[in-house]
Protein chains: 2
Amino acid sequence: MEPRGPQDYFDAGMALLAGGGVGAVTIARLCSELGVTKGSFYHHFRGVEDFKTQLLVHWAIDGERQVLQAAASVADPVERLDTIRELGIALNHEAEVAIRAWSRTDAHAWAVREQVDVARERTVAAAYTEVGVPHEAAELLGRLAVAVLVGAQHRGETTDRDALRQLYGRLQEMTAAIYLPAAAPR
Amino acid sequence: MEPRGPQDYFDAGMALLAGGGVGAVTIARLCSELGVTKGSFYHHFRGVEDFKTQLLVHWAIDGERQVLQAAASVADPVERLDTIRELGIALNHEAEVAIRAWSRTDAHAWAVREQVDVARERTVAAAYTEVGVPHEAAELLGRLAVAVLVGAQHRGETTDRDALRQLYGRLQEMTAAIYLPAAAPR
DNA sequence: CCGGTACCATACCACAGGGTATGGAGGCAC
DNA sequence: GTGCCTCCATACCCTGTGGTATGGTACCGG
């Protein structure tokens, strides 16, 4: 019996979150998933509220590290926009939908999710600014891209990433056609 | 004590749904809101599952009637697109967010919401087709418009309809600039 | 060998929520 | 009046969930 760490609970918690929303994240289910009892849970966390808070921060940190740092490593802004699109498609959409729903009823979840979304918007906007799009238009394009991502997250099942790719690609095409006539000629 | 009808429960149920998600829709809260006890609830509905199902259908019927019929009454397709945009902005976004989250964990809710979204997409796509946009592009624009609506629904508080208006308007501008050069010259 | 600490199982309590059974008050038909 | 139906209050049970208290096992430093 190797000992369980907080990371095990976070993994199981994200799975429960993705599968049944924040309401499905319960101590009994977590312990059942890990093959332990409540004594183990309360040894690692002070309560269910404490766990949910840590789980949320864990999601935000992971998202910040994986998505934004991976995007920042691409020097060319146009190529970076493609990278961002693929990173967005590869996200855990089920979990994100659950977090977005959760953030409507919980102030702390709202703040964390908002911070993540704003960071994503800024990343997209910065890339557009670098290729010559006016500042105000770039900011709006960042918000539009995140909105399309969130909107597409709420449609289709798990395997429907092609639809998101199609929508996201179309928005990029339209944007390029208007703001980047030199970079992406039609 | 005037007797309570199912409509009273639907109104209270939508308020609870908008305020705290599907998890907040509980028999005790419904009865507390209406000033009755559980005996009244179980007289009108067979159980909480039956009530939720009826509530969902009630939302879909209302949406179908208010939004789509109001849009269908506008003959000019370009003017109709503006009407659709304003109707989308005026929706009960809190309730819709709750329903969209609910539809990720409930098969029946998923089917009903999907039907509503598809109907909205078709309405937008039909308007674009009428003004001369190719069929495939019009369909994609319908999905893009609904995606932006859903994405914007998950940001900002209740009073932040200006942000949605701005995003929605920008998408419309970009669309017009590409597909409707004659109708909306830049 | 002994004490402390990390890790966890067991047992128990409190409370909220869904569901059921029963009875009562008022109206309406006959 | 009698009977029936609508509408609803009260009381009760069962389950699931958060939380606590307690004890037990294994390892590690001294």
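Chain letters run A, B, ... following the sequence lines, proteins first, then strands; residues in each count from 1.
- Counting heavy-atom neighbours within 6.0 Å of B:Gln115 CD, excluding the residue itself, gives a total of 12 or less.
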(request) Could you walk me through whether B:Arg170 and B:Glu173 pass the salt bridge (charged side-chain N to carboxylate O under 4.0 Å, His left out) test, one step at a time? (result) CA-CA 5 Å; B:Arg170 186 50 151 226; B:Glu173 283 175 20; 3.5 Å; yes

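- Put simply, OH on B:Tyr9 is 11 Å from P on D:dC7, counting in whole angstrom units.
- Between the CZ atom of A:Phe51 and the P atom of D:dG19 there is a distance of 13 Å, given to the nearest Å.
- For A:Gly23 and A:Gly39, each mapped to the nucleotide of DNA chain D holding its nearest heavy atom, the one lying further toward the 5' end belongs to A:Gly23.
- Remark: A:His44 NE2 to A:Gln54 CD distance equals 11.5 Å, nearest 0.5 Å.
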Sort me out a list of protein N/O and nucleotides 15-19 of chain C N/O pairs below 3.5 Å, or just none if empty.
{"residue": "C:dG17", "atom": "O3'", "partner": "B:Thr26", "partner atom": "OG1", "Å": "3.4"}
{"residue": "C:dG18", "atom": "OP2", "partner": "B:Thr26", "partner atom": "OG1", "Å": "2.7"}
{"residue": "C:dG18", "atom": "OP2", "partner": "B:Ile27", "partner atom": "N", "Å": "3.0"}
{"residue": "C:dG19", "atom": "OP2", "partner": "B:Tyr42", "partner atom": "OH", "Å": "3.4"}
{"residue": "C:dG19", "atom": "OP2", "partner": "B:Val48", "partner atom": "N", "Å": "3.0"}
{"residue": "C:dG19", "atom": "N7", "partner": "B:Lys38", "partner atom": "NZ", "Å": "2.8"}
{"residue": "C:dG19", "atom": "O6", "partner": "B:Lys38", "partner atom": "NZ", "Å": "2.2"}

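- A cation-pi arrangement, defined by a distance under 6.0 Å to the six-membered ring centre and an angle within 45 degrees of its axis, is absent between A:Arg100 and A:Trp102.
- Residue B:His43 places at least one side-chain N or O under 4.0 Å from the OP1 or OP2 atom of D:dC7.
- Classified by interplanar angle (parallel below 30°, tilted 30° to 60°, perpendicular above 60°), the ring pair A:Phe51/A:Phe45 is perpendicular.
- Side-chain atoms of B:Ser73 come within 3.5 Å of backbone atoms of B:Ala70 as a donor-acceptor pair (strictly under, hydrogens ignored).
- The phosphate of C:dA6 has neither OP1 nor OP2 within less than 4.0 Å of any side-chain N or O from A:His44.
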